[in-house]
Amino acid sequence: MTTRIQDATVTAAPTDIGRRRFMLRASALPLGAAALSAATSRPARAAVKTSAHIVIAGSGLGGVAIANRLSRELDGAKITIVDRKEIHNYQPGYTLVATGIWPVAKVSDRNADLLPGRVEWVKDMAAGFDPDANTLVTEGGQRIRYDYLVVATGLHLDFAQIDGMDVSAIGANGLTSVYPGPQAAQATWLAMDAFRRQGGEALMTLPATPLKCAGAPLKMTFMLVDRLREAGMRASSKVGFHSALDNIFSVKPVNDDVLRRWADLDVPVTFNSKLVGIDIGARRATFLTPEGERNELGYDFIHVVPPMRAPDAVKNSPLAWQDGPFAAGGWLEVDKDTLRHRRYPNVFGLGDINGTPRGKTAATIKKSAPLVARNLIDVIAGGEPSQRFDGYTSCPLLLREGSALLVEFDYEGRLVPSLPMIEPLQDSYFAWLMKYRLLKPAYMAVAKGRV
Amino acid sequence: MYEIWLGLNIVFELALTALPWLGGAAAVWIALMSAALLRRHAHWREALPASLVIGATFAALAVWLVPFVTRSSISEMGYWVDWANLIGLSVAVGGLAFAFVWPLLTAVSGPRQDTPTSGQPT
Ligand SMILES: Cc1cc2nc3c(=O)[nH]c(=O)nc-3n(C[C@H](O)[C@H](O)[C@H](O)COP(=O)(O)OP(=O)(O)OC[C@H]3O[C@@H](n4cnc5c(N)ncnc54)[C@H](O)[C@@H]3O)c2cc1C
């Protein structure tokens with residue numbers, strides 16, 4: 001591994017365009033001036049001087065958050081971000097769109113508005129990584145050399161593992177999925193709205209792979225039940241949940257609590273039942289048991305949650321786990337405490353791509369982006385990573401319109417509420433308000449590298 | 001400390017999404033304050049009780065309105081944290097109403113029968 005690091009010295013942080021814009025806007029605000037000025041005068045930090053070239057693959061929440069942090073905390077570094085996508089989607093809002101709570105327009109912003117001015121943006125996708133040569137190759141054939149690499153490519157929704165599945169058909173024939181994007185979320189709501197008027201048989205699914213926001217399939221189930229109840233069609237409808245695992249959520253207290261609630265709501269769960277095929281026109285789904293038994297079920301409404309894995313560019317590269325539980329999905333081989341690559345010390349991972357026991361949520365990035373930035377800067381400065389991540393993951397679990405659970409946990413699956421008075425398993429308006437109104441502003445602050 | 005920092009940032013980001021409204025409200029408030037402050041013999045003290053009552057009324061209404069406009073309902077207050085948040089938000093709504101109503105009532109209230117006041121807020 002060749003890593004060119006200039007003498008790392010400490011200077012005062014330069015003012016950037018984003019900060020100036022921020023101050024300008026703040027000065028225009030008439031209300032809460034004291035609070036807002038406190039928000040603008042973030043704790044003074046010294047910037048590390050370096051001429052290192054840092055490449056960030058992916059400009060989702062993780063990529064944008066780390067780009068903002070590094071451009072502020074490093075003086076003289078060249079920062080390049082690689083991602084073709086120009087629209088930044090607020091994915092935690094998809095469940096709100098897909099259940100008729102938010103309009104779809106609320107989840108999309110322009111990536112250009114979130115990226116700091118000093119970052120070079122290569123509008124292409126990484127086709128492969130050659131970490132032995134410190135090089136990333138784009139689909140367009142560009143070879144980009146780096147001193148340090150941050151992999152933040154998110155994950156790949158592997159619908160192809162479900163025979164007959166067609167993402168473009170979401171919204172028709174009772175076929176839904178909240179995961180692929182804003183349009184699918186919107187189409188899912190239209191299908192849910194139609195279904196709740198006529199009632200019938202609904203199948204909700206869960207794959208066996210690690211998931212981003214593993215609470216989303218549960219939220220969709222709770223909200224479907226609530227929408228049927230509102231429409232007066234609950235009694236004439238059946239909602240069944242098929243999990244490819246022997247649980248529905250990996251954190252035991254949450255798993256048990258949700259199962260208790262579903263027993264009360266008459267949502268039977270079939271465990272070890274994996275969706276492997278679908279006949280969209282005939283509205284029939286095929287489930288497979290671990291013993292190889294195939295069961296074909298008819299439905300009026302189905303919510304498909306795809307298996308998830310690393311994007312090919314990572315999966316097929318030396319950066320992926322070579323063995324162990326994360327190898328099959330091709331997840332990034334990072335040390336779960338420092339989020340530094342276990343074999344390539346100039347590579348870090350951030351967000352959904354990481355092959356760590358838990359932590360595929362925006363809330364994970366809220367806690368880990370500052371940590372990855374700090375650890376990377378420690379390494380640039382010639383030291384070792386100083387910060388340790390506890391795997392913080394959070395998921396406001398919608399129970400019905402107006403109420404939610406605010407579940408926060410760590411790598412060990414311990415419930416770790418960020419405020420001591422929060423009861424994670426208590427039906428809560430506050431948790432609902434967080435999800436409905438406060439999470440997007442928090443997300444934007446994370447993306448801008450401020451929290 | 002981190003949670004306070006996060007909270008401030010959330011308020012700031014929320015404010016950014018409502019800049020035109022906030023600008024309009026600020027203009028109205030400045031106009032009301034100017035009208036009240038420029039008025040000779042402004043009766044700040046006399047307008048105070050009625051303003052407090054109106055502010056309190058808004059706060060009381062907000063206990064029902066805040067859950068409604070956030071697509072929930074008062075029956076969803078599950079435990080004391082929910083109530084504390086709702087009451088906090090309602091007090092904020094009441095305080096805001098008071099901040100507009102006090103200069104408004106001061107500006108429009110008729111001349112006082114007894115001795116003139118200093119014209120300053122009391
Ligand atoms: C339905 C749903 C509900 C959710 N609910 C919540 C919630 O309530 N709370 C919560 O905290 N989190 C929630 N999440 C999870 C959260 O949105 C994600 O964990 C978070 O957005 C992950 O950020 P990321 O940067 O790792 O990946 P992403 O935001 O997915 O970004 C990855 C980026 O990498 C790019 N990319 C991919 N491949 C390449 C390549 N080869 N080269 C270059 N760029 C590439 C993509 O174009 C994309 O822009 C939810 C997610 C979904 C889908």
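In what follows, every chain begins at residue 1, and chains take the letters A, B, ... in the order their sequences are listed.
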Taking side chain as C-beta onward, heavy atoms only, is B:E13 less than 4.5 Å from A:K440?
no
Turns out that what part of A:K367 lies under 4.5 Å from chain B's heavy atoms comes down to side chain
What part of A:L399 lies closer than 4.5 angstrom to a heavy atom of chain B: side chain, backbone, both or neither?
neither
Report the residues that fulfil salt bridge (Lys or Arg N to Asp or Glu O under 4.0 Å) with A:D257, sequence neighbours left out, ordered by chain and then residue number.
A:R260, A:R261
CG of A:L433 to CG of B:L86, rounded to nearest 0.5 Å, is 9.5 Å
Of all heavy-atom pairs between B:W5 and A:R450, which one has the smallest distance, and what is that distance?
NE1-O, 2.7 Å
Are there residues of residues 56-67 of chain B that reach to under 4.5 Å of chain A by heavy atoms, and which ones?
B:V66, B:P67
Does any N or O in the side chain of B:R71 come within less than 3.5 Å of the main-chain N or O of A:I101, such that one atom is a donor and the other an acceptor?
yes
Chain B contacts, top residue of A:D427, A:L438, A:V451, A:V446 (heavy-atom pairs, under 4.5 Å)
A:V451
So which part of B:S73 gets closer than 4.5 Å to some heavy atom of chain A, the side chain, the backbone, both or neither?
neither
Based on non-hydrogen pairs under 4.5 Å, which of A:A442, A:S428, A:A431 is most in contact with chain B?
A:S428
Output all residues satisfying salt bridge (Lys or Arg N to Asp or Glu O under 4.0 Å) with A:R437, sequence neighbours left out; order by chain, then residue number.
none
Going by atom types alone, do B:T70 and A:Y429 pair a side-chain donor with an acceptor below 3.5 Å?
yes
Check whether any side-chain heavy atom of B:F12 sits under 4.5 Å from a side-chain heavy atom of A:M444, and report yes or no.
no
How about A:S418 and B:E3: do any of their side-chain heavy atoms sit closer than 4.5 Å?
yes
With chain A as the partner chain, list the residues of residues 74-84 of chain B whose heavy atoms fall under 4.5 Å from it, by residue number, and write 'none' if nothing qualifies.
B:E76, B:M77, B:G78, B:Y79, B:W80, B:V81, B:D82
Which heavy atom of B:S72 sits nearest a heavy atom of A:G402, and at what distance?
OG-O, 2.7 Å
